[in-house]
Amino acid sequence: MDKIPVTVLTGYLGAGKTTLLNRILTEQHGRKYAVVVNEFGEIGIDGDLVVDADEEVFTMNNGCLCCTVRGDLIRIVGALLKRAGNLDGILIETTGLAEPAPVAQTFFLDRDIAARTQLDGVVTVADALNLEQRLIDAPEAAQQVAFADIVLLNKADLVDADTLARVEATIRRLNPLARIHRTVRSDVPLTEVLGRGAFDLKRALSLEPDFLAGGDHGHDHAHDHHDHDHGHDHAPAAGVLAHDHDLSIASLSLSTDQPLDKTLFESWLSMLLMTKGQDILRFKGILNFAGQNRRYVLQGVHMISEGTLDRPWGADEARRSRMVVIGRDLDPAELKRGFDGNIA
Ligand SMILES: Nc1nc2c(ncn2[C@@H]2O[C@H](COP(=O)(O)OP(=O)(O)OP(=O)(O)O)[C@@H](O)[C@H]2O)c(=O)[nH]1
């Protein structure tokens, strides 16, 4: 039996992973992929933002995929394999705060999974506008780039040619071997990211000598999965994978069953981004605006926000507005007050 290829999509918050995933699901129409999405936050939104309703999307909401969640991944992939039928591949989108190595490890360490699947490649989407700053303030960002087999240098439309060349040189320094594609909205020929047999175990071992050793690669973890704030206390480990998450990053979920007033909401959001945009790493939401029978999808990274009208609300669907904000030093009470102030 052929092994099922697995592609891990990684990259920092808001880099363009879901955009790539949607491109794969749309362009590879007729193929059957199982999609596993891991998000950082209590209320699932990512699963809803994946376009193709024919695909089954498994969401893991446990926040950090880097360690304990691997158990969930093993369970989900294990269940998938039991009824795999004619699956053409498994696509795993990690949260922007995850490291790809432990996810990749799963496909080597779990015997049953290793026998049936083959890690095809780790694809890292890098945000050309924000990567340089992330490499300074977010250790995961460097690990994601270092561990990639293929890098999409995305959002090329948001920077000038010199910046793009500089960011590409930085990626090259972190990862001399990966193929790098400059992209806008993750538009890369899919033959460049899928079915390439790109994963290089030797390189993984050079970055993480314990890659095949299992366990938690020398880390000592203290997670608090209750509020999805996660603190790690990591003993120094060999290789690039010694990690240290930023404890001040948290995810806040906002929701209401009452319709929101679009004008109030937009002015609240623009004020919020003007005053706190540096600290807001990522926000996304599915909103119910008064008088609108279609869902409004909101997306943003720092000061850049995008809103689009999506499909109509279903007849039996609860018209619930949900928004997730991920950032540093957020004030939950103030954000909740502001959000609730937009109720129509
Ligand atoms: N201008 C511009 N915007 C982009 C590009 N690629 C993606 N975006 C936008 O950036 C935002 C984030 O894109 P996503 O694909 O959701 O990013 P992600 O990496 O899945 O985000 P998380 O899962 O939250 O980490 C969305 O508003 C996209 O429309 C690009 O090349 N240029």
Side-chain angles (χ1 to χ4, degrees), residues 1-11 17 21 33-40 46-47 56-84 87-124 140 143-144 146-150 193-221 223 225 230 232 234 237-243 245:
M1 192 173 13
D2 281 350
K3 289 188 172 188
I4 299 173
V6 176
T7 303
V8 176
L9 305 179
T10 179
K17 299 177 290 297
L21 181 61
Y33 289 99
V35 177
V36 182
V37 178
N38 169 229
E39 26 188 331
F40 180 72
D46 284 20
E56 256 184 297
V57 179
F58 300 86
T59 308
M60 299 187 288
N61 286 68
N62 299 23
C64 173
L65 222 168
C66 72
C67 354
T68 51
V69 183
R70 207 166 55 196
D72 277 9
L73 185 61
I74 290 171
R75 268 189 298 282
I76 290 178
V77 174
L80 273 174
L81 293 176
K82 280 211 180 74
R83 55 188 179 83
L87 209 52
D88 290 304
I90 299 175
L91 307 171
I92 300 177
E93 180 188 343
T94 69
T95 100
L97 295 170
E99 292 171 30
V103 180
Q105 243 180 350
T106 306
F107 296 91
F108 291 89
L109 295 187
D110 184 277
R111 220 172 20 162
D112 297 340
I113 292 179
R116 300 277 312 282
T117 61
Q118 165 126 28
L119 183 59
D120 188 66
V122 174
V123 180
T124 299
E140 300 88 349
Q143 285 143 5
Q144 291 161 350
F147 209 74
D149 301 304
I150 296 154
V193 287
L194 298 176
R196 296 199 63 85
F199 185 74
D200 184 345
L201 186 58
K202 268 209 214 94
R203 204 169 57 78
L205 283 164
S206 73
L207 291 171
E208 171 54 273
D210 288 342
F211 186 77
L212 291 177
D216 60 2
H217 44 269
H219 296 159
D220 176 17
H221 294 163
H223 279 252
H225 281 297
H230 58 287
H232 288 224
H234 291 209
V240 71
L241 296 174
H243 63 219
H245 291 285

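When reading the values below, keep in mind they use all heavy atoms of this one structure, side chains included, and skip hydrogens, waters and symmetry mates. No experiment lies behind these values; they were computed from the predicted model shown.
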Spacing of [atom1] belonging to [X] relative to [atom2] belonging to [Y], to within rounding of 0.5 Å:
{"X": "Arg203", "Y": "Glu208", "atom1": "CZ", "atom2": "CD", "answer": "13.0 Å"}
{"X": "Leu201", "Y": "Phe107", "atom1": "CG", "atom2": "CZ", "answer": "14.5 Å"}
{"X": "Ile76", "Y": "Leu80", "atom1": "CD1", "atom2": "CG", "answer": "7.5 Å"}
{"X": "Ser206", "Y": "Asp200", "atom1": "OG", "atom2": "CG", "answer": "8.0 Å"}
{"X": "Asp112", "Y": "Lys82", "atom1": "CG", "atom2": "NZ", "answer": "8.0 Å"}
{"X": "Thr10", "Y": "Ile92", "atom1": "OG1", "atom2": "CD1", "answer": "11.0 Å"}

Inset, instruction - Using a strict cut-off of less than 4.0 Å between a Lys/Arg side-chain nitrogen and an Asp/Glu carboxylate oxygen, indicate whether Asp149 and Arg196 qualify as a salt bridge. - result: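 Answer for the salt bridge query: no.
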Student check: side-chain heavy atoms of [X] and [Y] closer than 4.5 Å:
{"X": "Gln118", "Y": "Pro5", "answer": "no"}
{"X": "Thr7", "Y": "Ile90", "answer": "no"}
{"X": "Leu73", "Y": "Val36", "answer": "yes"}
{"X": "Thr124", "Y": "Leu9", "answer": "no"}
{"X": "Leu207", "Y": "Phe147", "answer": "yes"}
{"X": "Leu21", "Y": "Tyr33", "answer": "no"}
{"X": "Val6", "Y": "Phe199", "answer": "no"}
{"X": "Thr106", "Y": "Val77", "answer": "no"}

Inset, instruction - Specify the closest pair of heavy atoms between Ile150 and Ala198, including all atoms of both residues, with the distance to one decimal. - result: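 Smallest heavy-atom distance, with atoms named: CD1-CB, 4.1 Å.
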Legend entry - Residue pair Ile113 / Thr117: nearest heavy atoms and the distance that separates them: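 Residues Ile113 and Thr117, closest heavy atoms: O-OG1, 2.7 Å.
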Legend entry - Test salt bridge (Lys or Arg N to Asp or Glu O under 4.0 Å) applied to Asp120 - qualifying residues, sequence neighbours left out: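 Partners of Asp120 under the salt bridge (Lys or Arg N to Asp or Glu O under 4.0 Å) test: none.
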Legend entry - Side-chain donor or acceptor of Gln144 paired with backbone N/O of Gly96 under 3.5 Å: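 Present.
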Legend entry - Flag, side chain of Lys17 to backbone of Val123, donor-acceptor distance under 3.5 Å: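 Here the side-chain-to-backbone pair does not exist.
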